[in-house]
Amino acid sequence: MRIFVVTLFSWMFTAAAAAQSVEGELAAGDSLTEALNPAEALEHYRKAFQLDQSNYEILWKFARAQIDVAKQLEGKEYRDQRDSLFWVASLYADSASKTDPADPAGHFMRAQALGRLSRERGGQERVRYGRQIYDAAARVLELDPDHDGAHHVLGAWHAEVMRLSGIARFFAKAFLGGGYLSRASWDSAVVHLELAVSGAPDYIYHRLELAEIYIDFERYADARFQLDRITELPPTSDVRDRHYKQEAVRLLEDVRGKL
């Protein structure tokens with residue numbers, strides 16, 4: 001009996017210590033994420049995952065950190081590493097969405113990871129990713145109709161499909177199982193990105209992609225408004241904000257020449 005009590009106490013102490021460690025690693029990862037330091041945040045989430053591989057919060061935050069690290073790897077020489085991180089992030093996000101299908105975070109991370117990954121793909125693979133991206137983002141909006149990130153993903157999805165040539169869209173629909181692409185429209189692209197901006201007005205990337213869509217429509221005054229606003233915002237909403245601000249300055253020069 002004494003041995004049993006000692007063993008039970010030891011197990012309870014170990015479990016409590018592990019729980020505290022998980023909470024500590026999550027808190028450290030969250031703090032570093034807030035400071036836009038995803039590489040170090042990733043290591044803390046990795047340690048938390050090693051302690052608890054079925055924890056929903058760990059799964060989707062682990063995916064988020066991998067996405068943010070991958071986003072910072074610019075250039076063709078990093079393509080394989082970048083794609084690997086996006087792909088692994090999509091797997092963790094998928095596990096998260098299955099662990100708690102009623103919470104939008106896991107679905108959103110999956111949509112985001114696959115959306116980033118698909119941008120460097122073509123042909124049948126891109127069409128296949130496109131369906132998964134659309135479905136995951138739509139599921140987020142079913143759970144949270146005001147989710148600015150999901151509105152951004154869907155807006156970008158509509159815009160990318162509409163930017164394809166008519167021949168490319170026809171080929172995808174006829175031969176690659178891309179019939180769902182007929183859902184795409186410029187109006188939906190604008191509406192979703194405008195909702196993203198209204199939901200998170202200080203998030204620079206929302207405004208940048210909305211400005212790009214306005215440029216597609218030759219709505220140059222509207223594009224200039226978004227780009228001007230970006231130049232005023234601090235680079236604190238995303239790990240790539242400094243890059244986005246530079247791109248906004250470049251686009252602003254082009255837009256001003258067309259007004």
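All figures in this text were calculated on a predicted structure; none of them were measured in a lab.
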Where do [X] and [Y] come nearest, in terms of heavy atoms and distance?
X: G155; Y: L193; answer: CA-CD2, 3.1 Å
X: A223; Y: A211; answer: CB-O, 3.7 Å
X: P104; Y: D144; answer: CG-CB, 4.3 Å
X: A248; Y: I230; answer: CB-CG2, 3.6 Å
X: V153; Y: A111; answer: CG1-CB, 4.2 Å
X: G29; Y: A41; answer: O-CB, 3.5 Å

Query raised in the report: Who passes side-chain contact (heavy atoms from CB on, under 4.5 Å) against A189, sequence neighbours left out?
Result: H158, A159, W186, I213

Query raised in the report: For S237, what residues pass the side-chain contact (heavy atoms from CB on, under 4.5 Å) criterion, not counting sequence neighbours?
Result: Y203, I204, D241

Spacing of [X] atom [atom1] and [Y] atom [atom2] [to the nearest 0.5 Å]:
X: L36; Y: T236; atom1: CG; atom2: OG1; result: 7.0 Å
X: S118; Y: E160; atom1: OG; atom2: CD; result: 6.0 Å
X: L42; Y: Q66; atom1: CG; atom2: CD; result: 5.5 Å
X: K47; Y: Q50; atom1: NZ; atom2: CD; result: 8.5 Å
X: S198; Y: D146; atom1: OG; atom2: CG; result: 8.5 Å
X: L59; Y: T99; atom1: CG; atom2: OG1; result: 5.0 Å

Validation row: [X], [Y] side chains within 4.5 angstrom (heavy atoms):
X: W157; Y: H192; result: no
X: N55; Y: F49; result: no
X: Y244; Y: R242; result: no
X: Q132; Y: R110; result: yes

So if you build clusters from Ile, Leu, Val, Met, Phe, Trp, Tyr with side-chain heavy-atom gaps below 4.5 Å, do [X] and [Y] land together?
X: F108; Y: W87; result: yes
X: F225; Y: L259; result: no
X: M162; Y: L210; result: yes
X: Y78; Y: V239; result: no
X: V197; Y: Y220; result: no

Requested in this report: Would you check, one step at a time, whether the test side-chain contact (heavy atoms from CB on, under 4.5 Å) holds for T33 with K61?
Outcome: CA-CA 9 Å; T33 298; K61 289 182 176 179; over 6 Å; no

Query - From I133, I67, V140, L117, residue fulfilling side chain to side chain contact (heavy atoms under 4.5 Å, CB included) relative to Q112 - result: I67

Charged N to carboxylate O below 4.0 Å: is that the case for [X] and [Y]?
X: D68; Y: R64; result: no
X: D254; Y: K258; result: no
X: R240; Y: E74; result: yes

Query raised in the report: What do the steps show when you test L251 against L208 for side-chain contact (heavy atoms from CB on, under 4.5 Å), and what is the final call?
Result: CA-CA 9 Å; L251 288 175; L208 180 61; 3.9 Å; yes

Query raised in the report: Can you name the one residue among K245, K71, R207 that meets salt bridge (charged side-chain N to carboxylate O under 4.0 Å, His left out) with D238?
Result: K71

**Report entry** Over 12 non-hydrogen atoms of neighbours within 6.0 angstrom of CD in E34
**Finding:** no

Requested in this report: Sort out for me which residue in R224, Q226, E194 forms a side-chain hydrogen bond (donor to acceptor under 3.5 Å, both in side chains) with Y214.
Outcome: E194

Requested in this report: Could you walk me through whether H147 and L154 pass side-chain contact (heavy atoms from CB on, under 4.5 Å), step by step?
Outcome: CA-CA 11 Å; H147 196 290; L154 278 181; over 6 Å; no

Query raised in the report: Is there a donor-acceptor pair closer than 3.5 Å between any side-chain N or O of S84 and the backbone N or O of Q81?
Result: no

Query - Main-chain N/O of G75 paired to R82 side chain as donor or acceptor, under 3.5 Å - result: yes

Query raised in the report: What do the steps show when you test V190 against F217 for side-chain contact (heavy atoms from CB on, under 4.5 Å), and what is the final call?
Result: CA-CA 10 Å; V190 171; F217 268 109; 3.5 Å; yes

Query raised in the report: Mind checking what makes ring pair (Phe, Tyr, Trp, His ring centres under 6.0 Å) contact with Y45, not counting sequence neighbours?
Result: none

Requested in this report: Apply the ring pair (Phe, Tyr, Trp, His ring centres under 6.0 Å) test between Y92 and each candidate in Y56, F62, F86; give the one that qualifies.
Outcome: F62

